[in-house]
Amino acid sequence: MRLKLISVFAGFFLFLACANTSSLQEDLSEKDKADFQNKVDGHYVPVSISDFADGFNHARYKYPNSIPPWNLYDEDQILGFAENMVYLQNPDGGWAKNLDFQRKYSLDELIEIHKKNKSIPAVTYELMTDKKGSTMDNRNIFSQIKYLAQVYEQVPDRRYLDCMTKALQWILNAQHPLSGGFTGADVYAITYNDDVMCDALRTLREIARDDSLYSIFPKKMRKKAEAAYLKGIDCIIKTQITLTLQNGTKILTAWCQQHSHETLQPVWAREFEPPSVCTNESAKVVELLMEDKNPSEQIKRSVSAACEWFDRDDVRIHGKKIQKIECPGEVLNGRYYDYEQKLVEDPFAPDIWARFYALDASFDVTTGARKPIQGIYPAVNTPVWCDRGCKYCVDFNDMSKERRNGYGYTGKSPVKTLEKYENWRSEFF
């Protein structure tokens, strides 16, 4: 009995301690600063930071060898990362993209950033209007939730739970009420690019169903997460593209990088990302759907159709590969290159896929282009090579060196997806 009372009182005082730190202090004593430093310098069981690789890379790539001029926390200094997430969180519950959460800040610096961020306008399901606005682009927001949940297992600081809860509410608010999709940072549209849709829905599903890591969230929020997940899956099903081939055959294919929230049709994104059927993003969508342990008939049909499209002989690119060719170094669009990539013949090369494949003539591939379109949109279900300036090229090698080097126009993403599909199909068919 005595041990139980001690446990109860210990829990009560821990709660009070957490409650007293729930607000971000702005009047600092030297003791506050010393306590903060001791806290973030501590070492714990490491939590993986791999989910932040994209954002960290964008934050650092402008420095030589991507080594930034600031000190970084070790991977096991998890409270340094967690405190950065608490202080750098926007008032609406999200974060700006490409923040370096591994950076060592002083408490004074963090509080100053927190003060400045108070004026950042809130973002819901529309496109952000401030470069520091919250966005899920570059695998943002859901990565912080996952990280903080794992930190909370080791250090149950109420501030970390509050931070996660606000971030989850941001994701719920970010779901478009009409389409059920989520908007990225580049265009107001349902965004499959940068895994925005997939990562958002995967996070919602895990929060709703994973009782080991996410039972810390309120039950009502977990129910809302489940409903949002199902609404997002419905959005995926409805946006899958049906093409009419030149012989009149209709086939269900995959998805564009972006789709209209209102019409659900493929739309332009950046000036080199035209309306099309996309392999890289669609492979991730298919893998998300295959993770559902009790797939509906609609999900089964969707997965099977997409994989059959990936596997078509006229979609696979045979006997060619991307080759890096050395050349004099130069800076293009802020990046240094001493090579150029070309698509070359190689009869022994494994199959690759173009990133973009052309839609049929019934789709609007003109509206929404950021610049006057140059060149001719290709024939249905053939590769689309689109350079900056909304310029269609006949061949990969006709595009500018900057784009051939700086963007993934080809890839092998469907390979792993098709391998997973074989196991998935044997289980559900």
Side-chain angles (χ1 to χ4, degrees), residues 50-55 85 89-90 92-99 122-128 133-150 163-210 213-214 217 221-240 254-261 264 267 269 278 280-292 299 302:
S50 61
D51 289 341
F52 300 102
D54 199 2
M85 292 173 194
Q89 189 173 33
N90 285 341
D92 62 6
W95 287 268
K97 67 176 179 177
N98 305 334
L99 297 175
V123 180
T124 54
Y125 56 83
E126 296 182 338
L127 196 64
M128 64 180 189
S134 302
T135 177
M136 290 187 285
D137 206 35
N138 292 344
R139 293 155 188 86
N140 197 34
I141 300 181
F142 19 76
S143 298
Q144 288 89 306
I145 292 176
K146 180 180 176 182
Y147 188 90
L148 286 169
Q150 294 174 85
C163 188
M164 284 184 277
T165 303
K166 287 168 63 179
L168 172 55
Q169 187 59 57
W170 188 92
I171 293 178
L172 293 172
N173 293 342
Q175 187 170 40
H176 196 283
L178 182 63
S179 69
F182 293 90
T183 301
D186 296 319
V187 62
Y188 169 67
I190 301 162
T191 303
Y192 293 110
N193 201 10
D194 282 327
D195 301 334
V196 168
M197 276 288 286
C198 290
D199 283 340
L201 295 181
R202 184 174 286 112
T203 299
L204 289 167
R205 185 190 66 215
E206 291 175 355
I207 288 171
R209 302 178 184 180
D210 183 352
L213 185 60
Y214 294 114
F217 283 107
M221 290 197 78
R222 296 185 74 192
K223 287 183 178 179
K224 289 181 179 179
E226 175 71 15
Y229 167 72
L230 294 175
K231 187 173 183 178
I233 293 297
D234 185 57
C235 174
I236 287 176
I237 300 299
K238 290 179 178 178
T239 50
Q240 192 167 10
W255 295 265
C256 186
Q257 286 183 329
Q258 284 88 10
H259 289 250
S260 166
H261 284 297
L264 306 184
V267 295
C278 304
N280 185 51
E281 289 75 14
S282 295
K284 303 292 182 62
V285 173
V286 170
E287 291 181 17
L288 171 75
L289 295 177
M290 288 194 293
E291 290 169 7
D292 198 303
I299 288 178
S302 181

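Throughout, numbering of the chain's residues begins at 1 and tracks the sequence.
- Every residue meeting the side chain to side chain contact (heavy atoms under 4.5 Å, CB included) condition with Met164, not counting sequence neighbours, appears here in chain and number order: Leu148, Ala149, Tyr152, Leu161, Ile216, Phe217.
- Ring geometry, Tyr188 versus His261: the interplanar angle falls from 30° to 60°, so the pair is classed tilted.
- With a 4.5 Å cut-off on side-chain heavy atoms, Cys256 and Val267 do not count as touching.
- Ser282 and Ala254 make their closest contact through OG-CB, 3.2 Å (heavy atoms, listed as atom of the first residue, atom of the second, distance).
- Taking all atoms of both residues into account, the shortest heavy-atom contact from Gly184 to Val196 is CA-CG2, 4.3 Å.
- Counting heavy atoms from C-beta on, the side chains of Glu126 and Thr183 never come closer than 4.5 Å.
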Exercise for the section: Evaluate side chain to side chain contact (heavy atoms under 4.5 Å, CB included) for Leu288 paired with Arg202, printing each intermediate quantity in order. Expected result: CA-CA 7 Å; Leu288 171 75; Arg202 184 174 286 112; 3.8 Å; yes

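- Each of Ile233, Ile236, Thr191, Val285 was scored for a side chain to side chain contact (heavy atoms under 4.5 Å, CB included) with Met197, with one residue passing: Ile236.
- In this structure a side-chain-to-backbone donor-acceptor pair under 3.5 Å is present from Asp92 to Val123.
- Annotation: the span from Ile190 atom CD1 to His176 atom NE2 amounts to 8.0 Å, rounded to 0.5 Å.
- A distance of 13.0 Å separates CG of Leu168 from CD of Gln144, quoted to the nearest 0.5 Å.
- Sorted by first and then second residue, the pairs that involve residues 187-198 and meet salt bridge (charged side-chain N to carboxylate O under 4.0 Å, His left out), not counting sequence neighbours, are Arg139-Asp194, Arg139-Asp195, Asp195-Lys284.
- To the nearest 0.5 Å, the span separating CH2 on Trp255 from SG on Cys278 amounts to 11.5 Å.
- Judged by distance alone, with hydrogens and angles left aside, the side-chain atoms of Lys231 form a donor-acceptor pair with the main-chain N or O of Pro177 at under 3.5 Å.
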Problem - Met221 and Thr165: CA distance, side-chain angles, deciding distance, side chain to side chain contact (heavy atoms under 4.5 Å, CB included) verdict - result: CA-CA 9 Å; Met221 290 197 78; Thr165 303; 3.3 Å; yes

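- Under the 3.5 Å distance criterion, the side-chain polar atoms of Arg209 are left unmatched by any main-chain donor or acceptor of Glu226.
- The nearest pair of heavy atoms linking Ile141 to Ser134 is CD1-CB, 4.4 Å.
- A 4.5 Å side-chain heavy-atom check between Asn90 and Trp170 finds every atom pair outside the cut-off.
- To the nearest 0.5 angstrom, Asp54 atom CG is 8.0 Å from Asp137 atom CG.
- At least one side-chain heavy atom of Leu201 sits less than 4.5 Å from a side-chain heavy atom of Phe182.
- Rounded to the nearest 0.5 Å, atoms CH2 (Trp95) and OG (Ser143) are 10.0 Å apart.
- Considering all non-hydrogen atoms of both residues, Cys163 and Met85 come closest at SG-O, 3.9 Å.
- Between Lys146 and Thr203, every side-chain heavy-atom pair lies at or beyond the 4.5 Å cut-off.
- Taking every heavy atom of both residues into account, Ala269 and Gln258 meet most closely at CB-OE1, 2.9 Å.
- Thr124 places no side-chain N or O within donor-acceptor distance of the main-chain N or O of Asn173, the cut-off being under 3.5 Å.
- Side-chain N or O atoms of Gln240 include one that pairs as donor or acceptor with a backbone N or O of Ser302 at under 3.5 Å.
- Taking CG of Asn140 as the start and NZ of Lys97 as the end, the distance is 9.0 Å to the nearest 0.5 Å.
- In this structure the side chain of Ile207 never reaches within 4.5 angstrom of the side chain of Ile171, judged on heavy atoms.
- Under a 3.5 Å cut-off, the side chain of Gln175 and the backbone N or O of Ala228 do form a donor-acceptor pair.
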Exercise for the section: With side chain to side chain contact (heavy atoms under 4.5 Å, CB included) as the test, would you mind laying out the steps for Leu178 and Tyr125 before giving the verdict? Expected result: CA-CA 10 Å; Leu178 182 63; Tyr125 56 83; over 6 Å; no

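- Of all heavy-atom pairs between Met128 and Ala185, the closest is CE-CB, 4.0 Å.
- Considering only heavy atoms from C-beta on, Leu172 comes within 4.5 Å of Leu204 through its side chain.
- Evaluation of the salt bridge (charged side-chain N to carboxylate O under 4.0 Å, His left out) test over residues 171-183, restricted to residues two or more places apart or in two chains, returns none.
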